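Quick note: numbers below take in every heavy atom, side chains included, and nothing from hydrogens, waters or symmetry partners. Only a predicted model underlies this, so the values are computations on that prediction, with no experimental measurement involved. Below, chains carry the letters A, B, ... as their sequence lines are ordered, and counting in each starts from 1.
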2 protein chains.
Amino acid sequence: MSNHLNCLTKVPIFKSLSKEEMNEVLKIASHKKHQKGDLIFNEGDMIRQLFVVSEGTVKISKYSYEGKEQVLHLLNHGDFFGELSLFKDQETTSSAEVIKDSVICTLDSLKLRNLIEHNPEISFKILLELSKRLENTETKLKYYALSNSSEKLAKLLLDLEKNNIVIFPVNKSILASNIGITSETFSRTLKKFINNKYIETISNQKIIIKNKEALIELIY
Amino acid sequence: MSNHLNCLTKVPIFKSLSKEEMNEVLKIASHKKHQKGDLIFNEGDMIRQLFVVSEGTVKISKYSYEGKEQVLHLLNHGDFFGELSLFKDQETTSSAEVIKDSVICTLDSLKLRNLIEHNPEISFKILLELSKRLENTETKLKYYALSNSSEKLAKLLLDLEKNNIVIFPVNKSILASNIGITSETFSRTLKKFINNKYIETISNQKIIIKNKEALIELIY
DNA sequence: CGTTGATTTGATTAGATTCAACATATGTGG
DNA sequence: CCACATATGTTGAATCTAATCAAATCAACG
């Protein structure tokens, strides 16, 4: 049916299924390539699928009536979205936009629901995933509500950092919106960090953390 | 074992269980009365239970290092918390405080996990509940990040409103923190709404909405 | 009726947004 | 591979909103 077994076999929530179970899932799945800029769905759209990101990056956002964007999640390989459709046909309350060319699998929610009801395993995995995402969102909430832009940026850098190297996975505007500040403030605050010798820039999307303690200090 | 069958029989996530299943759940449950002000757990505590609110109100919050509070959720009858403990022993990343005298049931997470694995029903219900909470938190996030205090308050009033009557379920400071503003700003913005004849106050915790359209206009 | 906690009000200030201009980076077709 | 077009990023200056701090008032409860 699909040369994108990837979609499902390599995705955490389905990984542990038996061969027969996997075949069941495959029956209700299809996949599609999407280009950067494609809109998978828009706030208010009716959706009846669970979407699983097999390749690429998808941005989940909400917009204010003035058009200001709040990025909720950046989803990569293995992440899913549209889980509320599992329970009932659902007008989404957010938009999903492809920001890096992607392969996305869709699973019919009615059929998936059926499957899940007989596979506690899957249900449990989705449960785990959602719990984490909830915790994540709650933490974000705390930062948005309680922090100034330096704290927010420090937290972002520490989240992205690996061996003191930070590579921005998406452009700075999106990152800014992800932590709830404007791109101008993002730029200015980054500069402040550079002036303070907390960080050094290697390229536009790569920086080195020079004083991690200072950043940690900021968020505690 | 307990005269608080309430804890479980009346709580949505367990409501549909058969008698035998319910007996299984009862075996791993216990309940306890808590007074206003009691701390169920604190950020960083290790928890190994799922908590279900049978009566009263519990406030889930995070605090910044400066002590500023962000209320994440206000939980009432039937709501649960501590779901991450289902997956592994978990240091909580938030605090739970009783703000109205409560009866709280605790279910050992290891045993509950076991039970869930054989009861897709329960798993599915928790899944639904978490999905809703996630959506809720995401919406909150949008408001925190994208709205000014008038929009936030308008949204709060519309959320709480029933037949144009708003009764504040908890004190104003907590509500303010719930929508991510200070109590001073809360007070001032409420006053502005009164001056604009959007609302009228009946008592300290009761107001009437006089111009709902104006409030709706604010949030769109 | 006094004490404690909650709420309101006022004055000041800090911090981020906005808007506009400029600079840099990225991508495309010739 | 260059030149242009478009998208992304940076900087400055003005403005504005909500936070802060301090004080006054109000409400609830033993």
Side-chain angles (χ1 to χ4, degrees), chain A residues 35-37 57 59 64 66-71 97-101 143-156 166-195 199 201-207 218, chain B residues 35-37 59 63-71 97 99-101 143-156 166-195 199 201-207 218:
Chain A
Q35 289 194 310
K36 179 178 168 178
T57 306
K59 178 184 75 176
S64 78
E66 291 147 319
K68 279 199 296 181
E69 179 185 24
Q70 171 62 51
V71 178
E97 183 190 334
V98 175
I99 57 169
K100 281 184 193 159
D101 291 2
Y143 274 93
Y144 289 176
L146 303 180
S147 307
N148 59 31
S149 53
S150 295
E151 292 169 48
K152 289 176 189 173
L153 182 57
K155 167 135 180 62
L156 178 71
V166 177
I167 296 171
F168 293 140
V170 293
N171 73 39
K172 292 177 183 173
S173 309
I174 293 179
L175 287 175
S177 167
N178 194 228
I179 60 172
I181 62 179
T182 61
S183 56
E184 291 99 327
T185 300
F186 189 100
S187 176
R188 280 186 256 265
T189 310
L190 207 59
K191 197 182 177 188
K192 200 176 74 184
F193 285 2
I194 294 167
N195 289 339
I199 59 173
T201 58
I202 301 299
S203 73
N204 199 18
Q205 50 270 323
K206 193 168 170 183
I207 65 173
L218 273 175
Chain B
Q35 289 194 310
K36 178 178 168 176
K59 179 185 73 176
Y63 293 86
S64 77
Y65 76 104
E66 292 148 317
K68 279 199 294 181
E69 179 185 25
Q70 172 62 51
V71 177
E97 183 189 335
I99 57 170
K100 279 184 194 162
D101 292 2
Y143 274 94
Y144 287 177
L146 303 180
S147 308
N148 59 33
S149 52
S150 294
E151 291 170 50
K152 289 177 189 173
L153 183 57
K155 167 134 180 63
L156 179 71
V166 176
I167 296 172
F168 293 140
V170 293
N171 73 39
K172 292 177 182 173
S173 310
I174 292 178
L175 287 176
S177 167
N178 194 226
I179 61 172
I181 62 178
T182 61
S183 55
E184 290 98 326
T185 299
F186 190 99
S187 175
R188 279 186 256 266
T189 310
L190 207 59
K191 199 182 176 189
K192 199 175 74 183
F193 284 2
I194 295 168
N195 290 339
I199 60 174
T201 58
I202 301 298
S203 73
N204 197 22
Q205 49 271 324
K206 194 168 170 183
I207 65 174
L218 273 176

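The separation between A/Phe186 atom CZ and C/dT17 atom P is 13 Å, rounded to whole Å. Here D/dA19 presents its C1' atom at 12 Å from NZ of B/Lys152, a figure rounded to the nearest Å. Atom CG of B/Leu175 and atom P of C/dT8 are 11 Å apart (whole Å). For A/Gln35 and C/dG27, the CD to C1' distance is 14 Å, given to the nearest whole Å. We find that CD1 of A/Ile181 is positioned 15 Å from C1' of C/dT18, with the value rounded to whole Å. When rounded to the nearest whole Å, the span between CG of B/Asn204 and C1' of C/dG5 equals 12 Å. Taking atom CD of residue A/Glu184 and atom C1' of nucleotide D/dG9, one finds them 10 Å apart after rounding to whole Å. Atom CG of A/Asn195 and atom P of D/dT10 are 13 Å apart (whole Å).
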Margin query: Walk me through whether A/Lys155 and A/Glu151 qualify under side-chain contact (heavy atoms from CB on, under 4.5 Å).
Written below: CA-CA 6 Å; A/Lys155 167 135 180 62; A/Glu151 292 169 48; over 6 Å; no

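Counting only heavy atoms from C-beta on, A/Lys172 has its side chain closest to D/dG9 among C/dA16, D/dG9, D/dA18. Distance from the side chain of A/Lys191 is smallest for D/dT11 among the nucleotides D/dT20, D/dT11, C/dA6. Distance from the side chain of B/Thr182 is smallest to D/dA19 among D/dA19, C/dT8, C/dT7.
Using a 4.0 Å heavy-atom criterion, one finds that B/Ser173 contacts the sugar-phosphate atoms exclusively. Within the 4.0 angstrom heavy-atom criterion, only backbone atoms of the sugar-phosphate kind lie near B/Lys68; the bases stay farther away.
Note on B/Ser149: a side-chain N or O is less than 4.0 Å away from OP1 or OP2 of D/dA18. Between B/Asn171 and C/dT7 there is a side-chain N or O to OP1 or OP2 distance below 4.0 Å.
Nearest-nucleotide positions on DNA chain C for A/Thr185 and B/Val170 put B/Val170 closer to the 5' end. Positionally, the nearest nucleotide of DNA chain C for A/Thr189 lies more toward the 5' end than for the other of A/Thr189 and A/Gln205.
Between the side chain of A/Arg188 and the base of D/dG9 there is no donor-acceptor pair of N/O atoms closer than 3.5 Å.
Seen from the ring of A/Phe186, A/Lys172 does not count as a face-on cation partner, given the 6.0 Å and 45° thresholds.
A donor-acceptor contact closer than 3.5 angstrom links the side chains of B/Ser150 and B/Lys192.
Nearest heavy atoms, B/Leu175 versus B/Leu156: CB-CD2, 4.2 Å.
The distance from atom CD of B/Glu69 to atom CD of B/Glu97, rounded to the nearest 0.5 Å, is 7.0 Å.
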